[in-house]
Structures are given as structure tokens and as C-alpha cells.
2 protein chains.
Amino acid sequence: MDPQPAIRALGALAQEHRLAAFRLLVQAGPDGLPAGTLAERIGVPPSSMSFHLAQLANAGLVSQRRQSRSIIYAADYAAMNGLMAYLTENCCAGVPCTTGAACNPALAPAKDVA
Amino acid sequence: MDPQPAIRALGALAQEHRLAAFRLLVQAGPDGLPAGTLAERIGVPPSSMSFHLAQLANAGLVSQRRQSRSIIYAADYAAMNGLMAYLTENCCAGVPCTTGAACNPALAPAKDVA
DNA sequence: TTGATATTTCTAGAATTATGGAATCGAAAG
DNA sequence: CTTTCGATTCCATAATTCTAGAAATATCAA
């Protein structure tokens with residue numbers, strides 16, 4: 001991972017509403033949540049939520065897909081894990097750190113995942 | 001961890017020079033590096049480096065100690081690990097993710113660590 | 001005390017980012 | 001085809017953050 005994508009990802013997460021949205025999506029799992037639900041739960045106007053979701057998407061931290069009239073956002077676990085790996089890269093001058101931070105939705109309880 | 005500290009930490013890392021400095025410190029281990037060395041390696045004037053190091057310190061990501069005329073900065077591994085744990089909290093609605101990202105300098109090869 | 005070194009604080013201007021209302025777009029339903 | 005709903009884009013304003021030179025501070029050596 002290059003520095004630039006990592007900076008974009010970190011910058012995307014370094015904002016109250018975006019961090020809240022991302023965490024809701026991380027907790028929601030691969031099914032994700034529609035933009036409107038996120039705006040309502042976080043308490044920001046739709047235009048602001050859209051602005052922030054665009055930043056997260058641009059940083060590659062979330063994916064988006066249309067489902068009827070809604071646009072569903074979901075956390076990109078690979079991107080998140082990649083970011084954490086980047087931060088701990090070559091940690092402590094080569095100490096065998098448990099640098100394997102990993103959140104793997106594939107381990108989720110059976111529930112026809114997209 | 002509350003959202004606010006996490007936002008401060010993420011914001012601190014979301015900047016080219018600060019991310020570079022933090023990664024150098026993560027790789028340097030508990031011994032850390034003096035401000036001047038960081039400024040030189042990264043290629044920014046001392047005043048800018050100082051500004052950025054203050055941000056990292058304020059976010060709790062690095063510690064600082066004076067050693068003669070130099071001020072040595074070192075990564076705070078606990079803070080980093082805490083941040084990563086926060087990001088993956090309740091990942092995937094309770095799936096047993098390997099949320100144990102951990103960089104532990106105590107595992108370092110014998111080398112009288114402070 | 002004087003001088004050199006390492007770093008920080010102060011400062012203002014430049015650049016970037018956030019906000020939210022209004023207008024617009026796309027999909028579905030009547 | 002018109003309406004409604006969910007979401008985005010546009011826009012001007014407000015707020016924050018970055019930059020780097022100059023000045024100040026702290027440490028050590030002579």
C-alpha cells in the first residue's frame with residue numbers, strides 16, 4: 001500500500017460523522033445500510049451524509065450498490081485490514097508482532113451474503 | 001475508547017508528513033528517534049516537523065522525552081493498538097474476527113528496552 | 001558568559017474541508 | 001405522465017489545517 005491511499009483512508013475516517021458512519025457499516029456487516037438510514041441514525045442532513053459517504057467511497061473504505069430507490073453502503077473489510085497492516089508494517093524493527101488485524105465477514109453465520 | 005480520541009488519532013495520521021513520521025517511529029521501536037532526525041529524513045523544515053510532532057503527541061500516538069539537547073519521540077503502541085481495536089469493534093455484527101491487531105515491543109529481541 | 005546546537009512557539013497567509021439549503025436526478029408507483 | 005421517494009450535486013459561507021520564516025527557549029561545551 002502506498003502512502004497516498006492510506007492518507008486518504010485515514011483522512012476519510014478522521015471526521016466525526018464519517019467515523020460514525022463507517023463504524024455503523026463495520027458493525028452492520030456485508031449487508032450494509034442505505035444512505036438514508038445512516039443519515040437518520042447519525043443525525044445529519046441528507047446532503048451532508050451524501051458528502052461524507054462520497055469521501056468514504058472515494059477512499060475505498062466503503063462500497064455502494066443501488067437497491068431499488070435506495071443506495072446501500074457497505075464497509076470494505078479488505079481496505080480496512082489493509083490500512084491497519086500498513087500502519088503496523090515492520091513494527092518494532094522486525095519483531096514478530098501480531099500484525100494480522102483481520103475482520104473477515106466470510107466467517108459470518110450463514111445468511112446468504114452477496 | 002470514545003469517538004473523540006479516535007478522531008484525533010486518525011486526523012493526526014491523515015497527513016503525509018505525520019504518517020511518514022509515525023511509520024518511521026513504529027519501525028524504530030521503543031528507542032524512538034529525535035525530532036531533527038525525523039525532519040531530515042522526511043525533508044521538512046524543523047518548525048514544520050515540530051508542528052506535526054505536536055499533533056501526534058496531542059493525539060497520544062507518540063511520547064516524547066528529552067535526551068540532552070534532543071527530544072526523542074517514540075510511537076505509543078498501546079494507543080495504536082487501541083485505535084485499531086476501536087475501528088473493528090463489533091465487526092460484522094458479532095462475528096469472531098481476529099480483532100487482535102497488536103504490535104508489542106516487549107517481544108523485541110533482547111536490547112535493554114527502556 | 002559566550003557560542004553552537006536542537007527544538008519549539010508565534011505568526012499570517014494559503015489551501016483545504018465542512019455545512020446545509022435548493023435544485024436535480026433516477027427509480028418506482030399511481 | 002405525474003407524483004413521490006431516496007439520494008446526489010451545486011453553491012456560497014464558515015471553519016479548520018498546513019506552511020515555513022523569524023524569534024524564543026533549553027541544553028551543553030568552552
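Everything numeric here is computed off the predicted structure, so don't read it as measured data. Just so it is clear, the values below take in all heavy atoms, side chains as well, and ignore hydrogens, waters and symmetry mates. In what follows, chains carry the letters A, B, and so on, assigned in the order in which the sequence lines appear, proteins first and then strands, with residues in each chain numbered from 1.
In this structure, A/Ile7 atom CD1 and D/dT17 atom P are separated by 16 Å, rounded to whole Å. As a whole-Å value, the separation of B/Asn58 CG from C/dT9 P is 12 Å.
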Which donor-acceptor pairs under 3.5 Å do the side chains of residues 2-19 of chain B make with protein atoms, sequence neighbours left out?
from	atom 1	to	atom 2	distance (Å)
B/Arg8	NE	B/Asn58	OD1	3.3
B/Arg8	NH2	B/Asn58	O	3.0
B/Gln15	OE1	B/His17	N	2.8
B/Gln15	OE1	B/Arg18	N	3.2
B/Arg18	NE	B/Ala12	O	2.6
B/Arg18	NH1	B/His52	ND1	3.0
B/Arg18	NH2	B/Gly11	O	3.2

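Here B/Ser47 lies in heavy-atom contact (under 4.0 Å) with a base.
Remark: nothing in residues 12-23 of chain A comes within less than 4.0 Å of DNA chain D through any heavy atom.
Two residues are said to be in side-chain contact when any heavy atoms from C-beta on lie closer than 4.5 Å; A/Val62 and A/Leu25 meet this criterion. You'll find the side chain of A/Glu89 stays beyond 4.5 Å of the side chain of B/Val26, heavy atoms only. Between B/Met80 and B/Leu83, every side-chain heavy-atom pair lies at or beyond the 4.5 Å cut-off. In this structure, the side chains of B/Arg41 and B/Leu33 come closer than 4.5 Å at one or more pairs of heavy atoms. For the pair A/Pro34 and A/Ile72, the minimum side-chain heavy-atom distance is below 4.5 Å. In this structure, B/Thr37 and B/Leu24 have side chains that are not in contact, with every pair of non-hydrogen atoms separated by 4.5 Å or more.
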Taking only nitrogen or oxygen atoms into account, show me every contact under 3.5 Å that the protein makes with nucleotides 3-7 of chain C, one pair per line with its distance.
from	atom 1	to	atom 2	distance (Å)
C/dT7	OP1	B/Ala35	N	3.2
C/dT7	OP1	B/Gly36	N	3.4
C/dT7	OP1	B/Ile71	N	3.4
C/dT7	OP2	B/Gly36	N	2.6

Atom pairs under 3.5 Å: protein N/O with N/O of nucleotides 1-3 of chain D:
none

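Taking B/Gln64 as the reference, B/Tyr73 meet the side chain to side chain donor-acceptor pair (under 3.5 Å) condition, with sequence neighbours excluded.
Nucleotides of DNA chain C nearest to A/Ser68 and A/Pro45 differ in position, and the one nearer the 5' end is that of A/Pro45.
Linking Ile, Leu, Val, Met, Phe, Trp and Tyr whenever their side-chain heavy atoms come within less than 4.5 Å leaves A/Phe51 and A/Leu56 in two separate clusters.
For residues 25-46 of chain A, there are no ring-ring contact (aromatic ring centres under 6.0 Å, His included) pairs, not counting sequence neighbours.
When the side-chain nitrogen and oxygen atoms of B/Ser48 are compared with OP1 and OP2 of D/dA20, one or more of them lie within a distance under 4.0 Å.
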